[in-house]
Protein chains: 2
Amino acid sequence: MNEPSTIRPRRITSYDVARAAGVSQSTVSRCFKDDTKISPKTRDHILRIAREMGYTRNALARSLITQRSNMVGVIATAFTIRNNPELIYAVGDALQNSGNSLFLMVIKDDDSIGASLQKAVEYPLDGLICCAQMPPDWIEQFATRGVPLVFFNRVVETTVADCIALDHATAGQRIADVLFEAGHRSFVCIRGPDRAPVSQLRVEAFQNRLHSLGIGTIPTLSTDFSYAEGRRSFLDLMARMDRPDAAFCANDQLGLGVLDACRFDLGWQVPDDISVIGFDDIAEAGRPSYALTTVRQPIVDMAETAVSMLLERMEEPDLEARRIMVQGELIRRSSARLAGT
Amino acid sequence: MNEPSTIRPRRITSYDVARAAGVSQSTVSRCFKDDTKISPKTRDHILRIAREMGYTRNALARSLITQRSNMVGVIATAFTIRNNPELIYAVGDALQNSGNSLFLMVIKDDDSIGASLQKAVEYPLDGLICCAQMPPDWIEQFATRGVPLVFFNRVVETTVADCIALDHATAGQRIADVLFEAGHRSFVCIRGPDRAPVSQLRVEAFQNRLHSLGIGTIPTLSTDFSYAEGRRSFLDLMARMDRPDAAFCANDQLGLGVLDACRFDLGWQVPDDISVIGFDDIAEAGRPSYALTTVRQPIVDMAETAVSMLLERMEEPDLEARRIMVQGELIRRSSARLAGT
DNA sequence: AGTTATTATGCATTCGAATGCATAACAGGG
DNA sequence: CCCTGTTATGCATTCGAATGCATAATAACT
């Protein structure tokens, strides 16, 4: 007896419009497609009535019959969203410009992706941009279902999905080189989470290069990729060792934290006492208060490329898998003593 | 003749599963709902077959019949996304925890909202959280269609939508008061975009309060709410006037820009030469390199509240409209000389 | 075993738009 | 005015799952 006091008003359907306009439902339907032939007279007539009645096409019903939802899923971790809001905007904008919509699935971290993948197939989404790690069987799954898939900054060994990523490893090496050339000989690393592939690639390449240049073990701390952790863990480390020549941080947030730790907690001069290098070139890194030397990750370009790759694959489902490696640009600022200009 | 070489494989439907399991489609359907009675034996049997065949329910088809898409729209401007990525995450997370999905519509600015609104009714979304200005006829539109609507940081005069916003005006006044009490007598304002209501509310309240305290016209510049513009426009202003006692910035990005302008471009001591105050309390404001005095906007709490308001209204469509004003907290840091502790 | 109470299942319809095919309406030509 | 060629419209079906109602199957009692 206690039914909802306000019933959601019944939706106006194409049949309602058809009836009111004295035509068939098919004719109404055709009014909203450009390609079909329909006499201008009836079209105007129907459109007027439709407007008066407040009729709008139901995208869900259309999707059911056209087999396209026009929704593209994006899976992003909390970290990605917080650190690369530009990415979300760029992807959303590009998608919308191509007539698609953005179905955003946020996940705590790479491990909690399951539910989102399930949703992606249930809805069903026309394509997926994934900024997180994905279990191989799921990759397979999307492939067999014919859902185009693009990985963003996660390199995946597969021939059934595209992938665009910064070349973290090369950049990590590069940093090792320029620091070494500039005379630095003792180092520390502040990493992100242990299983963040991005952090891993950057730091390991850095360390390996230095090893091959004859540097011994490099003290390294894992953190959660945040400013606060960067600052705290660096102080931790410095409490138990001598000041190194340089600190390499797996991303800029950590870098900023380390910079502040040096300047405000330890009272060190940067770069005279120590060189600090970050990764990403987020906006704050470029401000004079920080002037963090870093590697630029052109996130907006990458986002746009990711979307076009996806759209291409949506057109042409059996394109060969592409693997785009974007080279990061070393941005020299005053937080590090570097060789060269 | 040139048809797509890879045809998207036909989706496995409940009929397919039914046939394979030797039951009817209805029975398959019922397997995926907890509430309906079905014998454990057949359920297991069907679920096993469904899994083997890779069957997943089609959310679109379900929505068509249940009249619920389980998708909630969020409309956010580029600025909101860039400046409050936390908001996106918090909203997305809260929605997902309640069994809904996030349909994100990004817009360039408040003026380009039209297309998104159209999409919101077409899809159709079960509810809408709008972080932008919306034309009154559209508000009406959603109301008549029975689509719950919550405004975030946009105060709208309406009885048909909820709204949660920071009390920008009171906070603006408060800042005027504390600066005045601390002896500041000459001021400048760096505003955001002219039609950003948030900027308007903050700055006008600040100015009005100072006027009523006997302060004359306050030099004010409109910008685009970014660090770069804050820095640039402040320098512009300082080129044509004497140093004021205090600068009030409509948000923290501007505040950081002004701070850097003072310290790095003008060589001023903050807060000795000038007090700088921002608004929002973004992460960077709290770092020692800036230590910007500001008003905290509890964005994550607000986001969660917005979602619960929406969910409540989705349950109970004719709740009275609520208007929640969140009080900002003044965060005293070292960028301003203030009275009191 | 017979009768009732209780599940468990199936049938048929519904949601709203798109579309292939058939046909009606109309225009143009002789 | 009739015939042909277009163009515009309608009919009927489809997409995939949910659900009220009817009924078959089973369980529970005498």
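Computed over heavy atoms, backbone and side chain alike; hydrogens, waters and symmetry mates excluded.
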query: Taking N and O atoms by type only, does the side chain of B/Arg10 place a donor or acceptor under 3.5 Å from a partner on the base of D/dG16?
result: no
- request: Could you please name the option among C/dG10, C/dT19, D/dA17 that lies closest to any side-chain atom of A/Lys33?
  value: C/dT19
query: Is any side-chain nitrogen or oxygen of B/Tyr55 closer than 4.0 Å to OP1 or OP2 of D/dA17?
result: yes
message: Suppose we call a contact any N or O donor and acceptor under 3.5 Å apart; does that hold for the side chain of A/Thr66 and the base of D/dC15?
response: no
- request: State, yes or no, whether a side-chain contact exists between B/Leu117 and B/Phe142 at a heavy-atom distance under 4.5 Å.
  value: yes
message: What is the distance, to the nearest angstrom, from the CZ atom on B/Arg19 to the C1' atom on D/dG16?
response: 13 Å
query: Do NZ/NE/NH1/NH2 and the carboxylate oxygens of B/Asp16 and B/Arg10 come within less than 4.0 Å?
result: yes
query: Under 4.0 Å between a side-chain N or O of B/Gln67 and OP1 or OP2 of D/dA18?
result: no
query: How many Å lie between CZ on B/Arg68 and P on D/dT19, as a whole number?
result: 12 Å
query: When you measure from the side chain of A/Arg62, which nucleotide among D/dA17, C/dT9, C/dA18 comes out closest?
result: C/dA18
N-O pairing of B/Arg195 and B/Asp110 below 4.0 Å: no
- prompt: For the pair made of CZ in B/Phe32 and P in D/dG16, what is the distance, rounded to whole Å?
  reply: 15 Å
statement: Ranking C/dT14, C/dC11, C/dT19 by distance to the side chain of B/Ile65, first place goes to C/dT14
message: Using heavy-atom distances to pick each residue's nearest nucleotide on DNA chain C, tell me which of B/Leu64 and B/Pro40 is more 5'.
response: B/Pro40
field: Shortest side-chain distance from B/Thr42, nucleotide among C/dT9, D/dT19, C/dG16
entry: C/dT9
- prompt: Can you tell which of D/dG10, C/dT9, C/dA18 lies closest to the side chain of B/Ser39?
  reply: C/dT9
- prompt: For the pair made of CG in A/Leu60 and P in D/dT14, what is the distance, rounded to whole Å?
  reply: 22 Å
- request: Could you check how far CD of B/Gln25 sits from P of C/dT9, rounded to whole Å?
  value: 15 Å
Value in whole Å for how far the C1' atom of C/dA17 lies from OH of B/Tyr123: 14 Å
